[in-house]
Amino acid sequence: MNMDQMDMNDDGTMGGMPPTAPRNDSMGMDMDMDMGMDMKMTHMTFYWGKNTWILFQGWPGSNTGMYILALIFVFLLALIMEWLAYSNPTPTKSNRIQRTMIHTLRVVFSYLVMLSVMSFNIGVFVMAIAGHAVGFFVFRVLKKSSEKDSDMSSMAC
């Protein structure tokens, strides 16, 4: 097969590639290479478009409304991650379980955001960055400035 025939289609599949032929293995069972699964190639570079899969096979698919919902979902995941990072209470003996649960949720949301960004969709990437930025601004910058305003320590010697 010539390399000119191996172009990536819009749906993520490789164009010009013939399906694999069934083969016999040593046990006499007929199996093809994809074992009956519909294999799709994932993007390995950033791309812009609503036809993508984020976190789950087929979601959001090619539906514009579901794509917008997926973008909002990724934004909220990143925002909640920043909130959980800020809301980590001061360590004491009595709140070990609470701190452990907050840390666990932060790790879960971190991995979900990371896996979402690995779809290489620019919209998902931008929404993840925006969620982190808004979360940092709301939970760190604004909260710190309001604490300083109420504190009003004197700058004089």
Side-chain angles (χ1 to χ4, degrees), residues 3-17 33-157:
M3 293 304 281
D4 294 334
Q5 294 176 333
M6 294 184 59
D7 295 328
M8 179 82 71
N9 293 335
D10 289 339
D11 64 354
T13 59
M14 296 297 287
M17 293 184 66
M33 291 299 289
D34 65 0
M35 296 187 187
M37 293 186 260
D38 183 24
M39 304 289 284
K40 291 188 86 165
M41 295 294 295
T42 59
H43 288 271
M44 299 312 254
T45 59
F46 281 105
Y47 70 98
W48 189 267
K50 67 177 181 59
N51 298 338
T52 188
W53 287 359
I54 304 169
L55 296 177
F56 307 105
Q57 183 175 351
W59 187 73
S62 59
N63 185 337
T64 304
M66 290 302 288
Y67 178 69
I68 292 170
L69 180 67
L71 293 179
I72 293 169
F73 179 73
V74 170
F75 178 85
L76 290 175
L77 280 176
L79 185 81
I80 290 169
M81 232 176 82
E82 290 294 330
W83 174 69
L84 288 171
Y86 176 75
S87 66
N88 203 7
T90 306
T92 63
K93 283 187 175 185
S94 63
N95 67 357
R96 288 179 181 168
I97 299 296
Q98 178 187 11
R99 287 181 30 230
T100 302
M101 293 305 296
I102 289 172
H103 174 74
T104 303
L105 287 173
R106 258 185 35 217
V107 170
V108 167
F109 289 139
S110 297
Y111 277 114
L112 287 174
V113 170
M114 178 200 63
L115 290 171
S116 299
V117 169
M118 286 177 61
S119 69
F120 288 102
N121 184 281
I122 293 173
V124 172
F125 179 72
V126 167
M127 292 307 281
I129 297 299
H132 282 292
V134 169
F136 182 84
F137 183 73
V138 169
F139 301 119
R140 303 260 174 128
V141 175
L142 291 182
K143 185 68 173 173
K144 296 282 185 196
S145 67
S146 67
E147 288 173 1
K148 286 180 184 175
D149 291 342
S150 65
D151 213 8
M152 292 303 286
S153 58
S154 175
M155 298 283 290
C157 296

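Along the sequence shown, the residues carry numbers beginning at 1. Only a predicted model underlies this, so the values are computations on that prediction, with no experimental measurement involved.
The CG atom of Leu79 sits 11.0 Å away from atom CZ of Phe109, with the distance rounded to the nearest 0.5 Å. In this structure, the separation between NE2 on His132 and CG on Leu77 is 9.0 Å, given to the nearest 0.5 Å. The CG atom of Leu76 lies 9.5 Å from the CG atom of Leu69; values are rounded to the nearest 0.5 Å. If you take NE2 on His103 and CG on Leu84, they are separated by 11.5 Å, rounding to the nearest 0.5 Å. Distance CG/Asn51 to OG/Ser62: 5.5 Å, rounded to 0.5 Å. Residue Leu105 holds its CG atom at 9.0 Å from CH2 of Trp83, rounded to the nearest 0.5 Å.
Phe136 has its side chain within reach of Val141: a pair of non-hydrogen atoms, C-beta onward, lies under 4.5 Å apart. At a threshold of 4.5 Å between non-hydrogen side-chain atoms, the residues Ile72 and Phe75 do not count as touching.
Summarising the geometry of Tyr47 relative to Ser119, their closest heavy-atom pair is CE2-O, 3.4 Å, with the distance given to 0.1 Å. Nearest approach of Ala70 to Ile54, heavy atoms of both residues: CB-CD1, 3.8 Å. Nearest heavy atoms, Gly131 versus Glu82: O-CG, 4.5 Å. Taking both residues in full, the closest heavy atoms of Val113 and Met81 are given as CG2-SD, 4.3 Å, listed atom of the first, atom of the second, then distance.
A donor-acceptor pair under 3.5 Å links the side-chain atoms of Asn121 to the main chain of Val124, judged by distance alone.
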- Step by step, would you call Leu142 with Phe137 a side chain to side chain contact (heavy atoms under 4.5 Å, CB included)? CA-CA 6 Å; Leu142 291 182; Phe137 183 73; 3.8 Å; yes
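Ring geometry, Phe125 versus Phe46: the interplanar angle falls from 30° to 60°, so the pair is classed tilted.
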